[in-house]
Amino acid sequence: MEVIYQYAWLIPVLPLLGAMLVGLGLISLNQVTNRLRRLNAVVIISLMGAAMGLSLALLWSQIQGHPTYIRTLEWAAAGNFHLSMGYTIDHLTALMLVIVTTVAFLVMVYTDGYMAHDPGYVRFYAYLSLFGSSMLGLVVSPNLVQVYIFWELVGMCSYLLVGFWYDRKSAADAAQKAFVTNRVGDFGLLLGIIGLFWATGSFDFGVMGDRLTQLVESGSVSNFLAILLAILVFLGPVAKSAQFPLHVWLPDAMEGPTPISALIHAATMVAAGVFLIARMYPVFEHIPAAMNVIAFTGAFTAFLGATIAITQNDIKKGLAYSTISQLGYMVMAMGIGSYSAGLFHLMTHAYFKAMLFLDSGSVIHGMEGVVGHDPALAQDMRLMGGLRKYMPVTGTTFLIGCLAISGIPPFAGFWSKDEILGAAFEANPLLWLVGWLTAGITAFYMFRMYFLTFEGKFRGTDETIKEKLKKAATIVLESESEELAPAFGPGAMKHGELSATDDHHDSHDGHHSDTPHESPWTMTLPLALLAVPSILIGLTGTPYANYFEEFIFPPSETLTEVIEKAAEFNPTEFYVMAGASVGISLIGITLASLMYLQKKIDPAAIAAKIKPLYELSLNKWYFDDIYHRVFVLGLRRLARQVMEVDFRVVDGAVNLTGFFTLVSGEGLKYLENGRAQFYALIVFGAVLGLVIVFGVT
């Protein structure tokens, strides 16, 4: 088994090799490489499959009790400074490797069906493989510097994939928004890394935690500084895992192809923030103030995302806000010290949310045959309904995902979410209350999505609704055009240049059927496979026999302590807490059924009664508007003022200097005539002037 650990470095290298081969082919032999599209896909999928096999072997070895394996080599040295690079395999690494490789492998299989007619099919696979390699490199990193290197690579891949259809303005804007927002958090992370190294002299996770604790206790480092450094590091996960206040990029990132929404924005990249908190746990756990900041940030984000998801009509954006909310649960769990519960929810959420996103892609794929390749129509749930009859596999797996995320037993989400809520109740009842209310809202909006999409009558052929949606999309685009026009100059953006159409499949409108159709097997097979862990994987972490907690426990605890805690399990307490969370979830499902399935309650009437709250949710708590006014428009005004200063002061000073030189030069050239008697006259005049001046005084 030791041999597997020696070759563990191949796990991130194999996808990188695939990306390099296909990328070089696209650069040097573009037409040939694009013609061999299926061969390229097979190569990349096979290499990811090999990485998945190695990851599963490592996980099995870790379960059997193999000790942590670290292999490093010196990368840089200067005096007493030594920096090593390499890889580490422990319980957390093995778990994350399996999550990333399994989801990436299934997404790659799914991509073959979803992107079948896209001209960028091969390029998309190259980006996917590069992202997989970057994420796997981040997971195996043994120190904070190597984590940061791969952290930035993951961000670059996100930019490329979100803006994959870069000829669409909305996709290009979303990619820039994601990139810039993440840079804010990454700058904080970089400052935190530098500060921790200055304080502790190490980039190693465990060493930093121990030394920082000793320094604070001895008074060498103030408690305030330790809190500041911890919060700066936490800014990285705040951006990457879309936590308040840097959550605004994730919903817009849905402009990328749906497989990316499943891979990056459900299972892997956004989970990197939670993973980093887990890796930095030796630092965070000794700083209570930082832990409180983490916990309350996560709780507020969970509530924020859920309340916005209630009013979303775009199926992908609804799932995006759901992802923000569930990531908030994980961050809250980390903040209250429930290390294993947070990672347990990360694992279960990765599978059922990836399945839900892929389901949404299957729905969009089926809808495009009816409404054409227009995301304003194909992704709007108001045009769906009754799809379960036409898309049975997609409908069944979506229902499984809804039950899992709503916390209905025995599905996976119940066990992980209930463990977080139980830990929150012990730590702070206020956090539990926020999480409990969020659980009910989650069940409501998820079943709202299910009923609108898969139950009732199909509305895709209703021309009245289509015209309303097209008119609304046109108004939005025209307002964006008018708002952006001043930045580019008058006439730079004409009506019609902004389009809501999505031509990534065909050049025509794509309308060729009156009913949707089930997706091909390359898309439905990954859905069926993801449904299995969505149902069963939670059974590894039941309170009766919590195998997950015995495998993943905090760095500060031992296996013996974990087993002793498990022996203290109180069934009555569990049933009360579980009953409360399931009860509010059932209330949410019942309300959704009464509103959108049985039509006994009119949602519009309720929205009219609570219009301020409805408007708050519909406008995403106005965060996008505030950020636009403060940062986008504010920075534009600042840029204009700087340009004015540059033009009038800086350029004016330079121009004045040139003008003075020119005038003085022109004047002096008449004095420089080369005649000695003229120069003697000037000298005589100067001397005479001095005599007169000094004689008078």
Side-chain angles (χ1 to χ4, degrees), residues 103 131 135 151 154-164 170-186 235-277 297-298 300-332 346 349-350 353-354 356-358 360-361 375 379 405 438 442 445-446 449 617 619-628 631:
V103 174
F131 169 77
M135 187 65 201
W151 187 274
V154 165
M156 181 199 73
C157 293
S158 171
Y159 174 79
L160 293 173
L161 287 162
V162 171
F164 182 76
S170 56
D173 288 348
Q176 291 180 23
K177 187 174 183 179
F179 190 81
V180 172
T181 307
N182 274 274
R183 295 293 70 71
V184 175
D186 293 355
L235 279 177
V238 165
K240 199 70 76 183
S241 290
Q243 298 296 287
F244 167 81
L246 300 178
H247 63 283
V248 292
W249 67 269
L250 185 60
D252 288 20
M254 297 301 106
E255 291 292 339
T258 302
I260 284 311
S261 303
L263 181 61
I264 287 186
H265 307 120
T268 54
M269 190 190 91
V270 291
V274 181
F275 169 78
L276 182 59
I277 297 173
T297 299
F300 180 74
T301 304
F303 182 74
L304 172 70
T307 54
I308 296 175
I310 290 176
T311 55
Q312 296 300 306
N313 294 309
D314 185 306
I315 189 169
K316 285 178 68 177
K317 287 196 175 181
L319 290 173
Y321 280 108
S322 171
T323 302
I324 291 172
S325 180
Q326 296 304 306
L327 288 166
Y329 269 112
M330 300 173 210
V331 172
M332 180 178 73
L346 186 155
H349 175 264
K353 185 54 69 65
L356 286 167
F357 265 115
L358 294 182
S360 72
Q379 296 175 198
I405 197 173
T438 302
T442 300
Y445 70 68
M446 285 307 303
M449 293 176 71
S617 172
N619 290 288
K620 308 163 192 174
W621 285 44
Y622 299 101
F623 279 113
D624 284 304
D625 297 331
I626 293 169
Y627 288 178
H628 181 75
F631 296 111

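Keep in mind it's a predicted model, so treat the numbers as computed, not measured. Count residues from 1 along the sequence.
- The distance between the ring centers of H349 and Y329 does not fall below 6.0 angstrom.
- How far CE of M449 is from CD1 of I405: 9.0 Å, rounded to the nearest 0.5 Å.
- Side-chain atoms of S322 never come within 3.5 Å of backbone atoms of G318 as a donor-acceptor pair (strictly under, hydrogens ignored).
- Side-chain contact check for F131 versus L263: some heavy-atom pair is nearer than 4.5 Å.
- Residues passing the side chain to side chain donor-acceptor pair (under 3.5 Å) test with T181, sequence neighbours excluded: none.
- Between the NE2 atom in H247 and the CG atom in L304 there is a gap of 4.5 Å [rounded to 0.5 Å].
- Here CD1 of I308 is found 8.0 Å from NZ of K620. Values are rounded to the nearest 0.5 Å.
- When side chains are defined from C-beta on, M330 does not count as touching I277, because their heavy atoms never get closer than 4.5 Å.
- With sequence neighbours left out, the salt bridge (Lys or Arg N to Asp or Glu O under 4.0 Å) criterion links D625 to no other residue.
- A search for side chain to side chain donor-acceptor pair (under 3.5 Å) contacts involving D252 returns K177, not counting sequence neighbours.
- Atom CH2 in W249 sits 14.5 Å away from atom OH in Y627 (nearest 0.5 Å).
- Judged as a side chain to side chain contact (heavy atoms under 4.5 Å, CB included), and not counting sequence neighbours, the contacts of T311 are Y614, S617, L618.
- S241 places no side-chain N or O within 3.5 Å of a backbone atom of A271 that could act as its donor or acceptor partner.
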- Query: Please walk me through it: do D173 and E255 pass side chain to side chain contact (heavy atoms under 4.5 Å, CB included)?
  - Reply: CA-CA 9 Å; D173 288 348; E255 291 292 339; over 6 Å; no

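- The line from CD1 of I260 to CE of M269 is 10.0 Å long, rounded to the nearest 0.5 Å.
- Side-chain contact between L319 and M254 is absent, with no heavy-atom pair separated by less than 4.5 Å.
- The backbone N or O of V154 lies less than 3.5 Å from no partner atom in the side chain of S158, so there is not a single donor-acceptor pair.
- Summarising the geometry, atom CH2 belonging to W151 is positioned 8.5 Å from atom CE belonging to M135; distances are rounded to the nearest 0.5 Å.
- The side chain to side chain donor-acceptor pair (under 3.5 Å) search around S360 returns none, not counting sequence neighbours.
- Take S325 and apply the side chain to side chain donor-acceptor pair (under 3.5 Å) test, not counting sequence neighbours, and it matches no residue.
- With sequence neighbours left out, the ring pair (Phe, Tyr, Trp, His ring centres under 6.0 Å) criterion links F300 to F244, W621.
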